[in-house]
Amino acid sequence: MTMGLSHSLREMPTGVWVLGLVSLFMDLSSEMIHSLLPVFLVTTLGASATLVGVVEGLAESLALIIKVFSGVVSDYLRNRKWLAVGGYGLGALSKPLFAVASGVEIVLTARLLDRVGKGIRGAPRDALVADLTPVARRGAAFGLRQSLDTIGAFLGPILAVGFMLLWAEDIRAVFWLAVLPAMVSVALLIFGIQEPAPPPSQTRTNPVCCETLARLPPSYWSIVRIGVLFTLARFSEAFLVLRGQETGISMALVPLVIMAMNIVYAGSAYPFGHLADRMSQTVLLRWGLLVLIAADLVLGLSVHWILVGVGVMLWGLHMGMTQGLLAAMVAQTAPAELRGTAFGLFNLASGVAMLVASLVAGVMWDMLGPLWTFYSGAAFATMALVALLERP
């Protein structure tokens with residue numbers, strides 16, 4: 001198994017590695033901010049958990065919804081790289097707003113701009129990964145990109161903790177520092193990626209007309225339905241941070257919650273992506289849902305930060321098992337010339353589900369307590385598991 005992983009890594013296209021590094025630096029920047037943002041909203045700006053849910057739900061769902069438009073445009077123009085550059089550039093430009101925010105409305109504006117950037121870049125970037133990778137290695141390619149992305153996502157909180165301790169918990173100074181890796185990410189994408197030319201025989205068509213969308217097979221729409229149920233079960237990770245703080249973790253150390261999740265996520269995404277190319281994808285998704293249910297139950301019942309850590313790591317394991325796999329399944333079931341549109345529609349449906357999930361989580365937290373927030377997640381995950389039991 002280890003030799004197989006090593007051989008697969010050596011044969012991975014250079015462009016996939018570069019796209020992974022682009023994701024790494026942008027996520028490093030984003031998580032330096034996001035690992036502190038829920039606490040910043042609640043303690044510095046006086047927001048409620050429901051308002052945190054609204055901010056996070058709107059931001060994350062907007063990112064997923066916008067992917068449908070960027071995916072469609074990338075298919076029509078047959079140019080994925082420069083759409084991705086625009087998305088990463090907008091994300092980089094949004095970072096200074098967090099540092100100067102004096103109210104929730106400025107934070108919301110910054111989050112929405114950041115997520116608009118994520119929405120613009122997501123579908124063309126994922127389609128680029130598929131375009132650059134042979135079919136037999138797509139599970140591993142998406143797993144590798146996700147692993148590198150997640151390495152940045154756990155390095156970000158580590159740096160946030162270090163500078164919070166060094167700078168006497170000056171959150172705004174940490175937010176300013178986060179601008180630098182975002183700029184590196186954009187530069188890597190501009191100078192490090194050579195987009196493959198489309199097939200000469202490929203004609204330009206409208207990807208959103210009924211005739212074209214009818215070419216997306218039933219197997220693709222089945223993946224869309226499963227993705228919606230997954231997203232309903234997986235509300236914003238801001239609630240993991242709030243759960244950590246509630247059990248006694250100090251403000252300076254609270255980014256360690258996201259770091260713990262992302263260490264497990266980064267370490268598991270590529271091995272499970274490699275495994276997904278060699279076993280039943282449905283079976284792997286079922287196991288991922290069982291891990292998510294376990295994570296929700298542990299987090300709901302936690303009364304000590306150690307148990308929160310266990311729940312957070314289980315959450316990260318479920319992400320590593322499922323997120324790259326769902327992307328690979330979308331790529332496998334969609335025609336090549338509609339791949340951007342397919343990723344966009346998948347993320348549109350997931351975006352609506354993310355908004356609902358985060359709103360439900362915030363209201364549950366304020367009205368019934370954290371335990372019921374995580375119980376509701378476990379209930380949605382159980383519904384998704386039942387749906388998967390009907391899939392061969």
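Nothing here was measured: the structure is a model prediction, and the numbers come from that model. As a basis for the values below, the full set of heavy atoms in this structure was taken, side chains included, without hydrogen atoms, waters or symmetry mates.
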Can you measure from CG (L155) to CZ (F25) and round to the nearest 0.5 angstrom? 9.0 Å
Main-chain N/O of V22 paired to S185 side chain as donor or acceptor, under 3.5 Å: yes
Which heavy atom of V107 sits nearest to which heavy atom of A101, and what is that distance? CG2-CB, 3.6 Å
Which atoms form the tightest heavy-atom contact between L148 and L21, and what is the distance? CD1-N, 4.1 Å
Backbone N or O of I190 within a donor-acceptor pair of the K81 side chain at under 3.5 Å? yes
Tell me whether L242 is reachable from L307 by hopping between hydrophobic residues (I, L, V, M, F, W, Y) whose side-chain heavy atoms are closer than 4.5 Å. no
Donor-acceptor pair, distance only, cut-off 3.5 Å: does the side chain of S29 make one with the backbone of A178? yes
Could you check D114 against R111 for side chain to side chain contact (heavy atoms under 4.5 Å, CB included), going step by step and ending with a plain yes or no? CA-CA 5 Å; D114 180 48; R111 280 290 277 149; 3.8 Å; yes
Can I106 be reached from L112 by stepping across I, L, V, M, F, W or Y side chains whose heavy atoms are under 4.5 Å apart? no
Assess whether side chain to side chain contact (heavy atoms under 4.5 Å, CB included) is satisfied between L345 and L216, documenting all intermediate values. CA-CA 11 Å; L345 290 171; L216 292 170; 3.8 Å; yes
Rounded to the nearest 0.5 Å, what's the gap from CG on L97 to CD1 on I33? Could you check? 9.5 Å
Once you measure the plane-to-plane angle for W167 and F163, does it fall in the parallel (<30°), tilted (30-60°) or perpendicular (>60°) bin? tilted
Hey, could you give me the CD1/CG distance between I226 and L385, rounded to the nearest 0.5 Å? 11.0 Å
Could you state whether Y265 and L284 fall into the same hydrophobic cluster, counting links through intermediate Ile, Leu, Val, Met, Phe, Trp or Tyr residues with side-chain heavy atoms under 4.5 angstrom apart? yes
Could you tell me if the side chain of L326 sits less than 4.5 Å from the side chain of F346, heavy atoms only? yes
R172 (side chain) donor-acceptor with A99 (main chain) under 3.5 angstrom: yes
Side chains of S30 and K95 only: does a donor on one sit below 3.5 Å from an acceptor on the other? yes
Below 4.5 Å, heavy atoms only, C-beta onward: do M329 and L285 meet side chain to side chain? yes
Is F380 reachable from V356 through a run of I, L, V, M, F, W or Y residues, each pair having side-chain heavy atoms under 4.5 Å apart? yes
Side-chain (T133) to main-chain (A130) donor-acceptor, under 3.5 angstrom: no
Counterpart residues, side-chain hydrogen bond (donor to acceptor under 3.5 Å, both in side chains), relative to E105 (two or more places apart): none
Note, F272 side chain near L317 side chain (heavy atom, < 4.5 Å): yes
Answer yes or no: is there a side-chain heavy-atom contact under 4.5 Å between I120 and V116? yes
Going through the checks in order, is the side chain to side chain contact (heavy atoms under 4.5 Å, CB included) test met by F374 and L297? CA-CA 7 Å; F374 292 102; L297 293 177; over 6 Å; no
Contacts of S23 that satisfy side-chain hydrogen bond (donor to acceptor under 3.5 Å, both in side chains) - sequence neighbours left out: Y88, R145
In terms of relative ring orientation, are H318 and F230 parallel, tilted or perpendicular, with 30° and 60° separating the classes? parallel
Between the side chain of T373 and the main-chain N/O of A361, is any donor-acceptor distance below 3.5 Å? yes
Let me confirm one number: the OG1-CG distance from T322 to L292, rounded to the nearest 0.5 Å. 8.0 Å
Between L113 and S94, which heavy-atom pair has the shortest distance, and what is it? CB-CB, 3.9 Å
Which heavy atom of V257 sits nearest to which heavy atom of G244, and what is that distance? CG2-CA, 4.1 Å
Check the pair M261, L240 against side chain to side chain contact (heavy atoms under 4.5 Å, CB included), reporting the backbone distance first and the verdict last. CA-CA 9 Å; M261 184 201 77; L240 306 184; 3.9 Å; yes
Same hydrophobic cluster for F175 and L166, using side-chain heavy-atom links shorter than 4.5 Å among ILVMFWY? yes
Calculate, to the nearest 0.5 Å, the distance between atoms CE and CG belonging to M26 and L189 respectively. 9.0 Å
Of all heavy-atom pairs linking L36 and A160, the shortest is CD1-CB, 4.2 Å
Partner set under side-chain hydrogen bond (donor to acceptor under 3.5 Å, both in side chains) for R243, not counting sequence neighbours: E246
What's the shortest heavy-atom distance between G15 and I193, and which atoms? O-CD1, 3.5 Å
Can you check whether L177 reaches L180 side chain to side chain, under 4.5 Å on heavy atoms? yes
Taking P218's backbone N and O only, do any of them form a donor-acceptor pair with S222's side chain (distance below 3.5 Å, no angle check)? no
Quick one, V174 and M164 - any side-chain contact, counting heavy atoms below 4.5 Å? yes
Working to the nearest 0.5 Å, report the span between CG of D149 and CG of L19. 11.0 Å
